[in-house]
Student: 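For reference, the structure I am asking about is given below.
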Number of protein chains: 4
Amino acid sequence: MTAPDPETDPEAGTPPADAAPARRHAAGADPAKRAQILEGAARAFLEKGFDAASMEDVRRAAGVSKGTIYVYFADKVELFEALVADKRDRMFADVISLLEEDLPLRAKLTRFGEALSRVLCSEDVIRAQRIVIGAVARMPGMGERFYRVGPSRMHDRLAALFEAEVAAGRLAVPDARMAAVQFIELVSAGVWRRRLFCGPHAGVEEAEIVRTVASAVELLLRAWGRGEARQGLDD
Amino acid sequence: MTAPDPETDPEAGTPPADAAPARRHAAGADPAKRAQILEGAARAFLEKGFDAASMEDVRRAAGVSKGTIYVYFADKVELFEALVADKRDRMFADVISLLEEDLPLRAKLTRFGEALSRVLCSEDVIRAQRIVIGAVARMPGMGERFYRVGPSRMHDRLAALFEAEVAAGRLAVPDARMAAVQFIELVSAGVWRRRLFCGPHAGVEEAEIVRTVASAVELLLRAWGRGEARQGLDD
Amino acid sequence: MTAPDPETDPEAGTPPADAAPARRHAAGADPAKRAQILEGAARAFLEKGFDAASMEDVRRAAGVSKGTIYVYFADKVELFEALVADKRDRMFADVISLLEEDLPLRAKLTRFGEALSRVLCSEDVIRAQRIVIGAVARMPGMGERFYRVGPSRMHDRLAALFEAEVAAGRLAVPDARMAAVQFIELVSAGVWRRRLFCGPHAGVEEAEIVRTVASAVELLLRAWGRGEARQGLDD
Amino acid sequence: MTAPDPETDPEAGTPPADAAPARRHAAGADPAKRAQILEGAARAFLEKGFDAASMEDVRRAAGVSKGTIYVYFADKVELFEALVADKRDRMFADVISLLEEDLPLRAKLTRFGEALSRVLCSEDVIRAQRIVIGAVARMPGMGERFYRVGPSRMHDRLAALFEAEVAAGRLAVPDARMAAVQFIELVSAGVWRRRLFCGPHAGVEEAEIVRTVASAVELLLRAWGRGEARQGLDD
DNA sequence: TATGAATGAGATTTCATTCAT
DNA sequence: AATGAATGAAATCTCATTCAT
């Protein structure tokens, strides 16, 4: 389901780490060192951005030598792309899994919406998105992969859910994918975009997220909810 | 109404060109040359991004000498901020003015939504937004000003419109501002975010925008429309 | 006596200012404007040094346009050399004139020594000397002219005085010029060199100068004084 | 006695080269490379002066890359200050040591005076002094350190010697420090100052130095010498 | 003749990348 | 295989000088 996309998985092609209990890894093939570098890179890039962070910053944060970084990654761009690929997958998997839970529609949408909104608008993730967006001009492939693995996959899952609900007679959406896209937009309506452009506004956000998601759910159900899904809507 | 905010208007403070019938402009005060530099800067920055575009790129695109650029702008950051301030105001004013037109609600929302979505998702504006977002970490003020003059002002106008419609009995939204924020999010649902991360997908976008805006209007009216505003909704 | 050395007088060759009461001067020939530029240059160079002072600093201090400066002086170096030539002459003339006064030897040497030391060690003159010395590598002629017009001329005058005193039987120096050189060195012994390398030490200098000159006079007269010139020396 | 002043010793703080038997030096810690850079800097600065010599000149003279220079020295000023500190200490130590020799007063003063005068008036040292003096306005600390380590320390040593001679009945100076300052001024009387302002006058200097120092010694002893120290003075 | 906006060569400094150890 | 000192291209910015007005 979240099997690594060979095109985007930088580890593809390296011998399986456990093939032999070798004491020594081939050049650039020690997964622990690779992870260590990525961790340092994450710290350095998140703090300063892609251009402003120097390879020296990365080296210092990772605690390895510069030469080693270049054994594992061909250049700064490849390191950054690998880093994004790495974080990306982790980030979205958890949120998507919320859609698999067995809950009433309204509750499921609410939990999913809040989780997604919290993640997307958290300081670190906002910074990461800013950096990725800012780098799209120079690394177009990376942006597209990010979108495909993240938002786009989310749209697919949610659309499938909506189709099931339509089949079950609890929703009357004429276009499940459009509705899914709209819902995902609505759960961070006003918050995500603002956070992208503005610094964090001291702590107000959790309440805002709850309110925004509730409003998104209500808007959706009021427009397209049927049967039990309309319960509690003062019509 | 859209009078230039003195704090954000980069041209504010330059002596009026007609104070004296001087043929010669003061240093850094020739509006034509200033515009020429900004035009070159726009080309250079839009093509490569803030960091990747060098002042030499700007110079070449603008067709002036490096020294001249530094007569008009103290440094690269100031040049970029001036450029953003310059484009920003022009960009949003037109769209907002569509809300003043005398049209039925559904038509007005559709026209406004399409215009906004077209602007926000056009190649140049997307590039500009990517660069601004990518630069927020280093120039926080600029991002905030952009948001305030653009999206935020839009929210205000649309919320006012919704309140008037509520008073007129054509809408039943419980929270006009939330609804405004949601609508603005919906008119480019799925498109804006995708464009931020991905390159242009040759030509498909106009149709997508029309479809998306129509869906946004329907969702809103289906949920909160009253009286004549519900006409045409197959309930 | 202090007639302008044609080689060093930058005004040489310009038509006499009063030849005709012309309303308009030839290009670069208005002595008032020339003086105005030199005055501004003095302020700018004394404050920042030759390299650190920009022609813009000079222009601002002088209150003329850049173009005008270049009408009067071919380049920055020529301006500086003219400035030095200008100040130089004024500076030394007053001190030398003290040697012409009709006073007993001891008093004359004391007055002359103190005046010389005060001038040479005053903040502005120290700054000027630092700048000239620092510029010798690039403008060797200027340093030599400065030395010839200043210290060297001083040596000549004082040597002549000493010879007269020898003839009068009040001094027994075997080498009048050497004695003159020594005396001039002694009147600012320890002070001038220190001031060249160090910043001003709040106010202590006047007392130090008096003490130093007194000691210089005593040393000279104790070694070479004869007759009445030895009065007051506790032998 | 001439132990390096930690504040002014640029090599202080570098890890001892033998802490580990490492073949490889830490960044900016290879003394040979450091010396190579300083050597190049000396050539470049002595030839052109501080401002006129570019880092490119230094790089060329040193035969290293520009990046390497900036590994060893934070910027141009720090490089220059390190260079001055480096030469300064070497320069004065030798001369001062001459005062420790066991010789009759007259011979000791003569040898010391000639050595000092030769050093201070040699072409390279004169150039160095010009540059330091020219840079005092921008780097006041450096000028003061130069004076303290050089002339000022010299005054102290010589004053101590004079005091010992007074105690031994061979000198009757009323103020040993003043006499020391005077003597140091006298040994290069007329030469040092002239050299500061003027270029080298082919080879005449050695004879001039001998003559000047002899005259200085005679002046001092004639004024203040007692007992055996007066031998040879035709009174 | 005086002006000052424009010029562009050149200055200092940074940093992604390499390669001898 | 890992290291990190060295590299040098390229970036930003300054300023002496020119020339159209």
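In the text below, chain A, chain B and the rest are named by the order of the sequence lines, each starting its count at 1. Source: prediction; values computed, not measured.
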Student: Out of E/dT13, F/dA2, E/dA16, which has the shortest distance to the side chain of A/Val71?
Tutor: F/dA2

Student: Between B/Tyr70 and A/Gly63, just flag the one whose closest nucleotide in DNA chain F comes earlier from the 5' side.
Tutor: A/Gly63

Student: Nearest whole angstrom, please: distance from the P of E/dT3 to the CD of C/Glu56.
Tutor: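 Roughly 13 Å, once rounded to whole Å.
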
Student: Go ahead and name the base partner of F/dA5; Watson-Crick or wobble counts if both distances stay under 3.5 Å, otherwise write none.
Tutor: E/dT18

Student: Can you say whether a donor on the side chain of D/Lys66 sits under 3.5 Å from an acceptor on the base of E/dT13, or the other way round?
Tutor: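 Indeed, a donor on one side and an acceptor on the other fall under 3.5 Å apart.
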
Student: What I'd like to find out is whether the side chain of A/Val136 reaches to under 4.5 Å of the side chain of A/Phe146, using heavy atoms alone.
Tutor: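 Side-chain contact under 4.5 Å: no.
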
Student: Roughly how many Å is it from CG in B/Leu79 to P in F/dA11, rounded to a whole number?
Tutor: 16 Å

Student: Would you mind reading off the distance between C/Arg60 atom CZ and E/dG4 atom C1', rounded to a whole angstrom?
Tutor: 14 Å

Student: Check the distance between E/dA11's C1' and D/Ile69's CD1 and give it to me in whole angstrom.
Tutor: 14 Å

Student: Please report, rounded to the nearest Å, how far the P atom of F/dA1 is from the CZ atom of A/Arg34.
Tutor: 17 Å

Student: Thinking salt bridges, do A/Glu56 and A/Arg60 make one under a 4.0 Å N-O criterion?
Tutor: yes

Student: Nearest-nucleotide wise, let me know which of D/Lys33 and C/Asp51 is further upstream toward the 5' end of DNA chain F.
Tutor: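 Looking at DNA chain F, the more 5' nearest nucleotide goes with D/Lys33.
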
Student: Specify the separation, in whole Å, of atom CD1 of C/Ile37 and atom P of F/dA16.
Tutor: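 So the two atoms are 15 Å apart, to the nearest Å.
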
Student: On the nucleotide E/dC15, are OP1 or OP2 found under 4.0 Å from the side-chain N or O atoms that A/Ser54 carries?
Tutor: no

Student: Compare side-chain N and O positions of B/Tyr72 against OP1 and OP2 of E/dA6 and report whether any pair is under 4.0 Å apart.
Tutor: yes

Student: Does OP1 or OP2 of F/dT7 have a side-chain N or O of D/Thr68 closer than 4.0 Å?
Tutor: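 True: D/Thr68 side-chain N/O within range (under 4.0 Å) of F/dT7 OP1/OP2.
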
Student: A quick test of your reading: do over 12 heavy atoms of other residues, nucleotides or ligands sit less than 6.0 Å from CD of D/Glu47?
Tutor: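 Atom CD in D/Glu47 is not packed in, count stays at 12 or less.
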
Student: Whole Å only: how far is the CE atom of C/Met55 from the C1' atom of F/dT18?
Tutor: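 Between C1' of F/dT18 and CE of C/Met55: 12 Å.
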
Student: In whole angstroms, how far is the C1' atom of F/dT14 from the NZ atom of D/Lys76?
Tutor: 13 Å

Student: Per the salt bridge (charged side-chain N to carboxylate O under 4.0 Å, His left out) rule, which among B/Lys33, B/Lys87, B/Arg34 passes with B/Glu39?
Tutor: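 Between B/Glu39 and the candidates, salt bridge (charged side-chain N to carboxylate O under 4.0 Å, His left out) is satisfied uniquely by B/Lys87.
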
Student: Between A/Asp75 and B/Arg59, which is nearer to the 5' end of DNA chain E once each is assigned its nearest nucleotide?
Tutor: B/Arg59

Student: Test salt bridge (charged side-chain N to carboxylate O under 4.0 Å, His left out) on C/Asp51 and D/Arg138; report intermediate values, then the result.
Tutor: CA-CA 11 Å; C/Asp51 283 288; D/Arg138 246 179 309 169; 5.4 Å; no

Student: For A/Ala52 and for D/Asp57, find the nucleotide of DNA chain E with the closest heavy atom, then tell me which residue's nucleotide is more 5'.
Tutor: D/Asp57

Student: Any strand counts, and the cut-off is 3.5 Å on both contacts for Watson-Crick or G-U wobble. Which nucleotide pairs with E/dT13?
Tutor: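 Checking every strand shown, E/dT13 finds its partner in F/dA10, with both distances under 3.5 Å.
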
Student: Taking only side-chain nitrogens and oxygens of B/Ser65, does any of them come within less than 4.0 Å of OP1 or OP2 of E/dT7?
Tutor: yes

